[in-house]
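This report concerns only the one structure given below.
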Amino acid sequence: VMKKGVTLLESLLVLLLIGWVLMLSKPLWQLNDAWLLAQEQQRLYYFLQAAFNRAENSSGTWVLLANRDPVTADWCFTLQLANASHRCNCLQKNHCPTELYAQFFYPRQKGKVNLSANSLYPQEITRLNSVRHSEKAACFRLQLGEQKVIFSFANYRLSMGDEAAGACA
């Protein structure tokens, strides 16, 4: 005659499986600031590298613009052909003419990662062309909590982190 119930071994196995699931799922709801900021930094770095490549392979001058909404603190970047008569606002990209071939970058961690620079928005960060990577020195910071990373355009190249720290001083 078999008795109904659960053995000690079966109970321990269930507890072990629950422990593994909780251990593996913990990062999904408690991602730390350093990891989130590193992800945003990497995405932005790839966007900027693509901007450099686009400028290198074209005959035109490209402008990198930063924009930030003062109320919501939403921010974004626009890469567009230099055109003194029109600047695309990445917060209102529907008003951007197609002949400027604008590309936009939006943070994945909207509302968590902040953008700051030493001037008001919208701001021209730098100009890119095929002769020299960047025409003017500039910098900006991404920050999440106490963690921050600095991007700098100086000496016609892009640098990040400790290497760029002196540029924003």
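This is a predicted model, so every value here is computed, not measured.
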For the residue pair Gln42 and Tyr46, confirm or rule out a side-chain donor-acceptor distance under 3.5 Å.
-> yes
Using a 4.5 Å cut-off on heavy atoms from C-beta on, say whether the side chain of Pro122 contacts that of Arg87.
-> no
Shortest non-hydrogen contact from Asn89 toward Asn67 | OD1-ND2, 2.7 Å
For atom OH of Tyr101, is the number of surrounding heavy atoms from other residues, nucleotides or ligands below 6.0 Å larger than 12?
-> no
Give a yes or no answer on whether the side chain of Glu10 reaches the backbone of Thr7 with a donor-acceptor pair at less than 3.5 Å.
-> yes
Got a donor-acceptor contact below 3.5 angstrom from the Gln143 side chain to the Gly145 backbone?
-> yes
Co-membership, hydrophobic cluster, residues Phe47 and Leu36, 4.5 Å side-chain | yes
Side chains of Phe105 and Trp75 in contact at under 4.5 Å (non-hydrogen atoms) = yes
Apply the test side chain to side chain contact (heavy atoms under 4.5 Å, CB included) to residues Asn129 and Trp62: give CA-CA distance (whole Å), side-chain angles for both, the deciding distance (0.1 Å), then the verdict.
-> CA-CA 6 Å; Asn129 63 41; Trp62 295 79; over 6 Å; no
Flag if over 12 foreign heavy atoms under 6.0 Å of CD, Glu146 | no
Establish whether Leu48 and Val149 are linked, either directly or via other cluster members, by ILVMFWY side-chain heavy-atom contacts under 4.5 Å.
-> yes
Start with the C-alpha gap between Ile125 and Gln123, add the side-chain angles, then the distance that decides, and say whether side chain to side chain contact (heavy atoms under 4.5 Å, CB included) holds.
-> CA-CA 6 Å; Ile125 299 289; Gln123 174 190 1; 3.8 Å; yes
Closest contact, heavy atoms only, Arg68 versus Ala73 = NH2-CB, 3.8 Å
Leu128 versus Leu79: any side-chain heavy-atom pair under 4.5 Å?
-> yes
Measure the shortest side-chain to side-chain distance between Asp74 and Tyr106 over non-hydrogen atoms and say whether it is less than 4.5 angstrom.
-> no
Using the rule that two of Ile, Leu, Val, Met, Phe, Trp, Tyr join whenever any of their side-chain heavy atoms come within less than 4.5 Å, decide whether Leu64 and Phe52 are in one cluster.
-> yes
How many angstroms lie between CZ in Arg43 and CZ in Arg108, if you round to the nearest 0.5 Å?
-> 4.0 Å
Work out which heavy atom in Cys88 is nearest to a heavy atom in Pro97; give both atom names and the distance.
-> SG-CD, 4.2 Å
Where the side chain of Gln80 meets the backbone of His86, is there a donor-acceptor pair that is under 3.5 Å apart?
-> yes
To the nearest 0.5 angstrom, please state how far the NZ atom of Lys148 sits from the CG atom of Asn114.
-> 13.0 Å
Going from CG on Leu65 to OG1 on Thr126, what distance comes out if it is rounded to the nearest 0.5 angstrom?
-> 10.5 Å
Is the ring centre of Phe140 less than 6.0 Å from the ring centre of Phe77?
-> yes
Minimum heavy-atom distance between Ala82 and Arg127, given as atom pair plus value = CB-NH1, 3.4 Å
Note: Ile150 and Arg141 closest approach over all heavy atoms is CG1-CG, 3.7 Å
Taking C-beta and beyond as the side chain, do Leu115 and Leu142 meet within less than 4.5 Å on heavy atoms?
-> yes
Is there a side-chain contact between Lys112 and Glu40 (heavy atoms, below 4.5 Å)?
-> no
Here the disulfide (SG to SG under 2.5 Å) pairs for residues 48-86, sequence neighbours left out, are Cys76-Cys90
